[in-house]
Amino acid sequence: MELDQFQQETRDWLEANCPLSQRQPARSADLVYGGRKCVFPSADAELWMQRMAEKGWTVPTWAVEYGGGGLSSQQARLLKKEMKRLGCRTPLLGHGIWMLGPALLEFGSEEQKREHLPKIARGEIRWCQGYSEPGAGSDLASLRCRADDKGDHFLVNGQKMWTTDGNKADWIFCLVRTDFDAPKKQAGISFLLIDMDQPSVTVRPIPLIDGNEDFCDTFFDNVEVPKANLVGELNGGWGVAKALLVHEREMMSQLQEYLPGLPRSIEEYARQYVGLGGDGKLVDSVLRDRLTQHLMNQQAMGLSHQRAYAEGMAGVLDMRSVSYFKAFATEEDKRGAELIVAFLGSKGWGWEGDSFDQAVELAATRRFLLSKVFSIGGGTTEIQLNLIAKQLGMPD
Ligand SMILES: Cc1cc2nc3c(=O)[nH]c(=O)nc-3n(C[C@H](O)[C@H](O)[C@H](O)COP(=O)(O)OP(=O)(O)OC[C@H]3O[C@@H](n4cnc5c(N)ncnc54)[C@H](O)[C@@H]3O)c2cc1C
C-alpha cells in the first residue's frame, strides 16, 4: 500500500476508533500496562487497548503471527504521527513491549515467540526485569542469583533488587548464573523466563523517592523453571542481556513519549510562577537563560533523533549511539524538572498538604524527584559515558 493511502486510512481509523477520553493527556493513573492483575483506569482505556491490540497496533512492527501489525518502520512512524496529531494515548506500555519482545524476536525460539509475544501484544501478561542484585548493578556481570541444572528443569535461588513493577508483573525475565567456574564472569550467565505466580517467588516493595511503591526486592527460593524457558544458549545470556539493554536505553531516551505529562508546559510554568516583564520576557534573567538553554537542548535532541531515524532507514545507524541518547535525554530531563521547581520557588518544595496545588505544584515536585531515577535505571549516566568513551577509543 502506498504510504499516502496508509496514512489517510490510519487517520480515518483512529478518528473512528479512539474514544474521545483517550485523546486527553494521560496522568500516571491513566496509563495501561496490562497483565493478569490489571485494573483498567476506565472502560474507554480498556476498549482503546483492545481495539489497538486487534489491529496489532500495540506493537505495530511485530509480525502479525506474533500479535503485531506487520507494519514497516515507515508505516509505524506514520501511525505514531497520526496518533500524536489526534492526541491519542499510547494504549499499552511495559517491559514486554519495550524490552522482552524485541529480545525474543532476536533470540527466542519459535515456540517462545508464539507463546509469549501475542500475550504481550494483547496486554494479557505483564513482565518485569530481573537483572540487578545487591552488589551487581553497574557491575551486572557479578550477579550471583543461581540456576542449577536438575535434568528437566533449573532450580533458581537468590535475590534480585530494584525490580520495577515486580509487585504488578506476572512474569520476570532474569539473568542467572549457570556456571560459577567460567573463566570470564560474563560467560557463566543465562537468560531465563520465570512465572512469578508461585509461592517460591516473594516480592517486597521498596518506596521510591517520589513516593511510588512499584519498585521491589524479588526473592527466589527453590523456584523450579522448565528448561523450555531458557532464552538463547545455556551460558549465553550475556549477549541477550546486552541486546535487551539497548532496547531499554532506546526507550529511556524517549521518556517524554511514555511518561505522563504535567498539566502545563515548562514555558507556562515559567510565565505563571516567574512572570513576564513589560518587554514580554521572563523577569528573572538567570532562569530565562536556563530555560532557553533547556529548550535549545530539547530541540537538538529532537533533531538528533530524526537524524538517527534517517540513519536507521539507510541501514547505517550504529546502535551503540543509544548510550549517548540515553545519557543526554535523562540528564536533560533532570534539568527540565529542576527548572520547573526553581520557577515554583517555595511552592516547589511541598510533599503534601492544602498549601500546595495538587495537580500543578505537588505533581511538579514529585516529577522532579522521579527524574532522578532515570539517570540510574537502565545503566547510570557514568556507565553510559564509559561506553561512549570506549566507542571513541578513550579511557573510562
Ligand atoms: C528507578 C529505577 C528502576 C530500576 N529498575 C530496575 C529493574 O526493573 N530491573 C533491574 O534489574 N534493575 C533495575 N534498576 C537498577 C539499575 O539498573 C541499577 O540501579 C543501576 O544499574 C546502578 O546500579 P547500582 O544501583 O547498584 O549502583 P552502583 O553500581 O553501586 O553505582 C553507584 C555509583 O557509582 C557509579 N559507578 C559504578 N561503577 C562505575 C564505573 N565503572 N565508572 C564510573 N562510575 C561508576 C555509578 O554511576 C553510580 O553513580 C532500577 C534502578 C532505578 C533507580
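The shown structure was predicted, so the numbers you read here are calculated from the model rather than taken from an experiment. Atoms within a ligand are numbered from 1 in the order they appear, just like the ligands themselves.
Relative to atom 14 (N) of ligand 1, the option among Phe173, Trp127, Trp162, Tyr131 with the closest non-hydrogen atom is Trp162. Across the listed options Leu140, Asp139, Thr164, Thr164 owns the non-hydrogen atom lying nearest to atom 3 (C) of ligand 1.
Close approach to Ile376 involves these atoms of ligand 1, each under 4.0 Å from a residue heavy atom: 19 (O), 20 (C), 53 (C). The atoms of ligand 1 that sit less than 4.0 Å from any heavy atom of Val373 are 1 (C), 53 (C). Those atoms of ligand 1 with a heavy atom of Thr380 less than 4.0 angstrom away are 22 (C), 46 (C), 47 (O).
Atom 35 (C) of ligand 1 is never approached by the protein to below 4.0 angstrom, counting heavy atoms only. Atom 30 (O) of ligand 1 is not flagged as protein-proximal [any protein heavy atom, distance under 4.0 Å]. Distances from atom 53 (C) of ligand 1 to the protein include at least one heavy-atom value under 4.0 Å. Within a 4.0 Å radius of atom 47 (O) of ligand 1, the protein contributes one or more non-hydrogen atoms.
Note on Arg23 versus Glu15: salt bridge recorded, some NZ/NE/NH1/NH2 to OD/OE distance being below 4.0 Å.
For a threshold of 3.5 Å applied to N or O pairs, the pair formed by Gln129 and ligand 1 contains at least one separation below that value. Backbone and side-chain nitrogen or oxygen atoms of Ser138 are examined, and one is located within less than 3.5 angstrom of a nitrogen or oxygen of ligand 1.
Here CG of Leu14 is found 8.5 Å from CZ of Arg85. Values are rounded to the nearest 0.5 Å. Taken to the nearest 0.5 Å, the OG1 atom of Thr61 stands 8.0 Å off from the CG atom of Leu105.
The nearest protein atom to atom 51 (C) of ligand 1, hydrogens excluded, is given as Gly377 CA, 3.7 Å; this is a heavy-atom distance. In terms of protein heavy atoms, atom 21 (O) of ligand 1 is closest to Gly137 C, 3.6 Å. Ranking protein heavy atoms by distance to atom 12 (N) of ligand 1, first place goes to Ser132 OG, 2.7 Å. The shortest contact between atom 44 (N) of ligand 1 and any protein heavy atom is with Glu382 CB, 3.5 Å.
Contact annotation for Asn386 and ligand 1: only side-chain heavy atoms (C-beta onward) come within less than 4.0 Å of the ligand. For Ile383, every heavy-atom contact with ligand 1 shorter than 4.0 Å involves the side chain, none the backbone.
Put simply, the residue from Gln384, Lys334, Glu332, Lys326 that forms a side-chain hydrogen bond (donor to acceptor under 3.5 Å, both in side chains) with Ser375 is Lys334.
At a cut-off of 3.5 Å, with distance as the only test, a side-chain donor of Glu82 or Gln7 sits close to an acceptor on the other residue.
Taking the six-membered ring for Trp and the full ring otherwise, Phe368 and Trp349 have centroids separated by under 6.0 Å.
Relative orientation of the Phe173 and His95 rings is tilted, given thresholds of 30° and 60° on the angle between their planes.
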Run Arg335 and Glu338 through salt bridge (charged side-chain N to carboxylate O under 4.0 Å, His left out) and show every step you take. CA-CA 5 Å; Arg335 281 190 281 272; Glu338 273 165 22; over 6 Å; no
For side chain to side chain contact (heavy atoms under 4.5 Å, CB included), just list the numbers for Ile266 and Leu295, CA-CA rounded to whole Å, side-chain angles, deciding distance to a tenth of an Å, and then say yes or no. CA-CA 9 Å; Ile266 192 165; Leu295 294 175; 4.1 Å; yes
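Met252 approaches Ala329 most closely through the heavy-atom pair O-CB, 4.3 Å.
Geometrically, Lys160 does not engage Phe219 in a cation-pi contact, judged by NZ or CZ lying under 6.0 Å from the ring centre and within 45° of the ring axis.
Using 4.0 Å as the threshold, Phe215 has a heavy atom nearer than that to some atom of ligand 1.
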